[in-house]
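Basis for what follows: all heavy atoms, side chains included, without hydrogens, waters or symmetry-related copies. Given the structure is predicted, the values throughout are model-derived calculations rather than measurements.
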Amino acid sequence: MSIQYLWFPLIKRWIKNSHGTREKQLIFAIDKTQWRSQNIFVISLIEQKRAIPVYWLLLPKRGCSNLGEQKKLIRPLLRLFKGYQMLVLGDREFNSIKLANWLHNKGIGFVLRRILALIFDKQINHINGYNLWN
């Protein structure tokens, strides 16, 4: 059994029943934690001041996640919640301009905590030579 076959149908039904419409934005938080010897990477639905784990990966390493692992965590939710407005929240580990650009291109809103208070703004097209929005 996998998460997609067991857990996803329950989450999808719950969202459909509790939200009723696809117009309400779904808010997700991404985080990584070390538990015993496991490095767990999780994306949770924020609902009524609670975080409900929706999908998770066990990373075979210590340290921060990379862009490929971040995409691998988020992609299943794009299929599961297709048609819903989504917002992804992330702490300093997820301060990648490339992740922000990928989320933007997928039509996902994001709030990523930046080191040194760097602010994403659609009026700013380039930071350090990297095109943010194309």
Side-chain angles (χ1 to χ4, degrees):
M1 277 278 162
S2 72
I3 298 169
Q4 286 97 336
Y5 293 116
L6 182 64
W7 187 234
F8 279 13
L10 296 172
I11 291 288
K12 190 170 187 174
R13 172 69 60 116
W14 179 68
I15 291 296
K16 185 177 180 182
N17 290 342
S18 65
H19 290 263
T21 177
R22 291 178 180 233
E23 291 182 17
K24 185 176 179 194
Q25 186 175 54
L26 301 178
I27 301 173
F28 296 92
I30 51 177
D31 199 10
K32 189 185 62 57
T33 188
Q34 189 74 31
W35 183 70
R36 296 186 181 177
S37 64
Q38 294 294 316
N39 200 2
I40 304 169
F41 192 24
V42 65
I43 187 162
S44 300
L45 175 67
I46 306 302
E47 186 71 25
Q48 298 179 8
K49 299 182 183 181
R50 305 286 191 270
I52 302 155
V54 176
Y55 189 62
W56 54 92
L57 299 170
L58 299 179
L59 299 180
K61 64 176 188 172
R62 290 183 168 252
C64 294
S65 61
N66 60 42
L67 181 62
E69 293 161 339
Q70 293 163 2
K71 288 179 179 181
K72 187 176 179 180
L73 182 74
I74 297 168
R75 272 192 190 112
L77 273 66
L78 296 178
R79 290 186 294 275
L80 182 63
F81 298 115
K82 186 176 182 176
Y84 285 91
Q85 293 178 2
M86 295 174 62
L87 175 70
V88 173
L89 309 175
D91 65 13
R92 289 180 297 177
E93 178 176 342
F94 311 103
N95 64 7
S96 163
I97 291 173
K98 291 180 181 181
L99 175 61
N101 191 39
W102 183 78
L103 291 168
H104 173 75
N105 289 336
K106 296 291 183 184
I108 301 172
F110 57 89
V111 177
L112 305 174
R113 182 167 178 216
R114 293 292 301 170
I115 298 171
L116 301 176
L118 178 62
I119 298 169
F120 289 104
D121 187 327
K122 290 208 71 148
Q123 302 303 315
I124 300 172
N125 291 323
H126 294 83
I127 293 178
N128 297 333
Y130 186 80
N131 188 337
L132 290 174
W133 311 113
N134 295 319

Can you see which heavy atom on [X] is nearest to which on [Y], and at what distance?
X: P53; Y: W7; value: O-NE1, 2.9 Å
X: Q25; Y: M86; value: NE2-O, 3.9 Å
X: V54; Y: F81; value: CG1-CE1, 4.3 Å
X: D31; Y: D91; value: OD1-OD2, 3.6 Å
X: P76; Y: Y55; value: CG-CE2, 3.6 Å
X: A51; Y: I46; value: CB-CD1, 3.9 Å

Under the criterion side-chain contact (heavy atoms from CB on, under 4.5 Å), I'd like the reasoning laid out for E69 against L59: C-alpha separation, chi angles, the key distance, then a yes or no. CA-CA 8 Å; E69 293 161 339; L59 299 180; 3.9 Å; yes

Please determine whether the number of non-hydrogen atoms from other residues, nucleotides or ligands lying under 6.0 Å from atom CH2 of W56 exceeds 12.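 Counting other residues, nucleotides and ligands, CH2 of W56 exceeds 12 neighbours.
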
Separation of [Y] [atom2] from [X] [atom1] (nearest 0.5 Å):
X: S65; Y: L57; atom1: OG; atom2: CG; answer: 9.5 Å
X: R79; Y: K82; atom1: CZ; atom2: NZ; answer: 11.0 Å
X: I52; Y: E47; atom1: CD1; atom2: CD; answer: 6.0 Å
X: I74; Y: I30; atom1: CD1; atom2: CD1; answer: 4.5 Å
X: K71; Y: K106; atom1: NZ; atom2: NZ; answer: 8.0 Å
X: H104; Y: I97; atom1: NE2; atom2: CD1; answer: 13.5 Å

Same cluster (ILVMFWY, side-chain, under 4.5 Å), [X] and [Y]:
X: W102; Y: V111; value: no
X: L77; Y: I11; value: yes
X: L80; Y: F28; value: yes
X: I27; Y: I43; value: no

Can you sort out the partners of L58 under side chain to side chain contact (heavy atoms under 4.5 Å, CB included), two or more places apart, ordered by chain and number?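 Scan of L58 (side chain to side chain contact (heavy atoms under 4.5 Å, CB included), adjacent residues dropped) gives Q38, I40.
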
Do the side chains of I15 and L45 get nearer than 4.5 Å, heavy atoms only?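 Counting from C-beta outward, L45 and I15 do come under 4.5 Å.
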
Evaluate the side-chain proximity of L78 to I108: yes if any heavy-atom separation is below 4.5 Å, no if none is.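 When only atoms from C-beta onward are counted, L78 and I108 do touch, with a gap below 4.5 Å.
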
